[in-house]
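Take a look at the structure below.
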Amino acid sequence: MDARLDNMPDDEPLIPPDGGGVGTQDGAGDLRGKENGDARVISPSKIPVAGFRAYATVVILFTVNLLNYVDRYTVAANLLKIQKYFNIEDSNSAAGILQTVFIISYMVMCPIFGFMGDRYSRKLVMSFGVLFWAAMTLSCSFVPSDKYWAFVLLRGLVGVGEASYSTIASTLIADLFTGNQRTRMLTLFYFAIPVGSGLGYIAGGGVANAWGWQWAFRVTPPFGVLSVFLIMVCIREPIRGQAETGNKAIANTDYCTDLKALGKNKSFIFNSLGFTGVSWVVGALALWAPTFVEDIYAVHRMDSSDVAFIFGAITCVTGFLGTGIGTALAQVLRKYNHKVDPLICGYGMLVSVPFLFFAFTYAYTNLFLAWSFVFLAEIGLFLNWGLVPDMLLYTVIPPRRSTANACQMVMGHLLGDALSPWILGFISDQIRYKWSSDTTAFAQMMSLQYSLYVATFVTVLGGGAFLATALFIEKDKARVTKIVESAKENLDPLESPLSLPGDQQPPPPIIDIVY
């Protein structure tokens, strides 16, 4: 037994009475050691960290997530300027490929970083990713106007950096908090998605109007470098699952076993399909809704410089409201219905369908009414931002969560926002070319309107997937709870599992029963 633990009781609480989180010293989550079949030795330290550091960790992770989404939606805020600069104004499909390439690279790298996040130092992986993201984002601002392919390539590499961070960050939060406290911290973390998206439109559009679109890509990289410093200095990596197992570590299985287990987890599958629906719709709206409205402004010969600001402001406000309302409802209703999380997500998406339809329909004749419908639709779409990752975390065991998060992102982006911007751009082009090859603002507006209706059908499918999740969520959550409780009571983090001499074989790791 490690001498450091001689005076540390095995029943030492992970969460203090006030509900704060706790962590451990650096390296606690680094799964290095002797191999034993499908398992690895985990050598954590049990040096507790004050609750303040756990909350500081969430704030730092939130900040990096915010920067990622500000950068991601800076492209959408300045799409027309970028099209004009690279001389692709007449091709919506060429513009749509920007988001598609970004998401494809993001999606391809997620499983790799998910594998690393379950086995190696998460701090180091995240720090590398954020630095790489900052470098590629800055490089985008120096591409000459005749090298559109280089701009597309660099945006794809930005996705590599983001993948390393987004697959891992939420698992750190899961290892510091449990129950409603975890839900609240995840909600804060995922506030960065709608808020960062909105700020991407506001700040990205504002900076571009003042100094040119290139400068919009030069604002966030310095903050990314600062974030890496904070990650390395302030964050102490917890043991995987420490908040649930009482500082006991559960061993890993091999990657194929992880994937097999996730494939049998029905809650994970349907939750991921619901997330895919959300990604599809949000990705489509993020790129094409502002362009659609700008075309309407052009038809009416109005100044469209405030469109990005309005869309961004709506996204920020609805992000706060939707995510906050969804989380609050879940915390209140969980005591009455254990299936409430997926039900809130599903009904939220279904309620948003008519508002999306009417927003697209009345945008040309009544912009105020259209903005109002967009506001209501986005509240419904954003109800699930804090709940989707929480459902993943409590239906998947701790040493498999980074892999599960990566798989969910691959599914969500492969079938979601990697396709939707290009699909809607392609449909818009085909409608316009079939009519008259008209390139006027009116033709652009009408073709985009018809293509955006596709988003309403996908919203229905996503809502249905979340409702299907409700059929299995209780059983899968109970199974995971049983496993982590068994680990808390029976598994010594420094003695199990260990390789044995000769032909003697150790017992299988406890997680083998969680499928």
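Hydrogens, waters and symmetry mates play no part in the numbers below; they use all other heavy atoms, side chains included. The first residue of the sequence shown is numbered 1, and numbering continues consecutively from there. Model, not experiment: these values are computed from the prediction.
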### Query
Checking Arg122 against Tyr120: charged group under 6.0 Å from the ring centre and within 45 degrees of the axis?
no

### Query
Where the side chain of Ser272 meets the backbone of Gln408, is there a donor-acceptor pair that is under 3.5 Å apart?
no

### Query
What are the two closest non-hydrogen atoms of Ile431 and Ser451, and how far apart are they?
CD1-N, 4.5 Å

Quick one: side chains of residues 136-143, donor-acceptor pairs under 3.5 Å with protein atoms, not counting sequence neighbours, listed by atom name and distance.
from	atom 1	to	atom 2	distance (Å)
Thr137	OG1	Trp133	O	2.9
Thr137	OG1	Trp133	NE1	3.3
Ser139	OG	Ala135	O	2.8
Ser141	OG	Leu138	O	2.7
Ser141	OG	Arg218	NE	2.9

### Task
Apply the test side chain to side chain contact (heavy atoms under 4.5 Å, CB included) to residues Asn65 and Tyr165: give CA-CA distance (whole Å), side-chain angles for both, the deciding distance (0.1 Å), then the verdict.
CA-CA 8 Å; Asn65 207 26; Tyr165 170 82; 3.9 Å; yes

### Task
For the pair Thr469 (side chain) and Asn271 (backbone), establish whether a donor and an acceptor sit closer than 3.5 Å, ignoring hydrogens and angles.
yes

### Task
Can you establish whether the number of heavy atoms outside Tyr85 located under 6.0 Å from its atom OH is more than 12?
yes

### Task
Any pair with a residue in residues 136-156 that passes salt bridge (Lys or Arg N to Asp or Glu O under 4.0 Å), sequence neighbours left out, goes on the list, sorted by first then second residue, please.
Asp71-Arg155

### Task
Would you indicate whether Phe223, at its atom CZ, is surrounded by more than 12 heavy atoms from other residues, nucleotides or ligands within a distance under 6.0 Å?
no

### Message
When you measure from the side chain of Lys123 to the backbone of Met232, do you find a donor-acceptor pair of N or O atoms at a distance under 3.5 Å?
### Response
yes

### Message
Consider ring pair (Phe, Tyr, Trp, His ring centres under 6.0 Å). Of Tyr190, Phe191, Trp385, Phe382, which one does Phe320 pass it with?
### Response
Phe191

Got a list of side-chain donor-acceptor pairs under 3.5 Å for residues 346-355, not counting sequence neighbours?
from	atom 1	to	atom 2	distance (Å)
Ser352	OG	Met349	O	2.6

### Task
Provide the closest heavy-atom pair for Glu237 versus Leu172 in the form atom of the first, atom of the second, distance.
CG-CD2, 4.1 Å

### Query
Does CZ belonging to Phe457 count more than 12 external heavy atoms closer than 6.0 Å?
no

### Task
Please work out which of the three classes, parallel, tilted or perpendicular, describes the rings of Phe373 and Tyr362, given edges at 30° and 60°.
tilted

